[in-house]
Trainee: 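Here it is, the structure in full.
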Amino acid sequence: MSSSRRGLLAGSAAMAAGAVAGCALPAGASRAPQTPFTVAQTTVPIVGSEQAFPVRRIYCIGRNYAAHAREMGSDPTREPPFFFQKPADAIQVVMPGTVADHPYPTLTKNYHYEVELVVALAKGGRNIAPADALGLVYGYSLGLDMTRRDLQREMGDQKKPWEIGKSFDHSAPIGPIHPVAKVGHYTDGSIWLKVNGQTKQNATLKHMIWSVAEQISRLSQAFELMPGDIIYSGTPENVGPVVRGDVIEIHIDGLPNLSVRIV
Ligand code: MN
């Protein structure tokens, strides 16, 4: 039985019970449904708050820095950036001052880092104008769009979806979220990544093809954005591989660094 059919039947049963009790619920209305088990809500700590940010969807921007687009074999003047998603529970929270163990995933022999600015939304909407887009932002963090590059390329070559290369467990390390009220917006500043202390990626946020405001505006043309959505805003050039034992450290001006050890 499909889940929608099961939902319908459960709804009818609830309405019948309500009718017997003399308090039928209008169609579509329901109390919080009982579930046979609990599915965890992914959250990310908020700096300076007891509250945590609930993650709804993870959107990622592909080829948002010209030099990275070129190293991936495309021409940024002809092909605009684009979107893909990771599941919300791909999040791995990494607290500042710690070096979190990050598991080397199965199936790959070419596991790549991508340092990215992460944008967290407090509001949603459709067809947001670039001038209004930053009004949706709750805060910012930094993160890694970890990638099974060999599988991503293989699937791309076969014109198949990227999921296995991009959207796997733990593929989205992220630091705590800094509310925009405290840190402002990120339009410039340095973004870098080191492996075992050696600089690998080093660029500035100004080199993004789509600014954060443009990313939100473009995304909202394709999807209705909602509170809890986060956006990995793309990586600069010089992505590359890591192996077990390597330590990755990433930095964006104005945010505490984030570090993981590949295990
Ligand atoms: Mn990326």
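What you see below is based on every heavy atom in this structure, not just the backbone, and it leaves out hydrogens, waters and symmetry mates. Counting convention: from 1, in listed order, for ligands and their atoms alike.
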Trainee: State plainly whether the residues Asp188 and Lys206 are in salt-bridge range, i.e. N to O under 4.0 Å.
Mentor: yes
Trainee: Taking the six-membered ring where the residue is Trp, are the ring centres of Tyr186 and Tyr140 under 6.0 Å apart?
Mentor: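 Here the rings of Tyr140 and Tyr186 have centres that are less than 6.0 Å from each other.
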Trainee: Looking at residues at least two apart in the chain, or sitting in another chain, which of them share a side chain to side chain contact (heavy atoms under 4.5 Å, CB included) with Pro176?
Mentor: Pro45, Val47, Met95, Pro96
Trainee: Using 2.8 Å as the cut-off, count the protein N, O or S atoms closer than that to the Mn ion (ligand 1).
Mentor: 3
Trainee: Under the criterion ring-ring contact (aromatic ring centres under 6.0 Å, His included), I'd like the reasoning laid out for Tyr104 against Tyr111: C-alpha separation, chi angles, the key distance, then a yes or no.
Mentor: CA-CA 8 Å; Tyr104 194 97; Tyr111 192 40; 5.2 Å; yes
Trainee: Taking Arg63 first and then Glu71, would you say they form a salt bridge - that is, a charged N and a carboxylate O separated by under 4.0 Å?
Mentor: no
Trainee: Do the charged groups of Lys194 and Glu249 touch, with an N to O distance under 4.0 Å?
Mentor: no
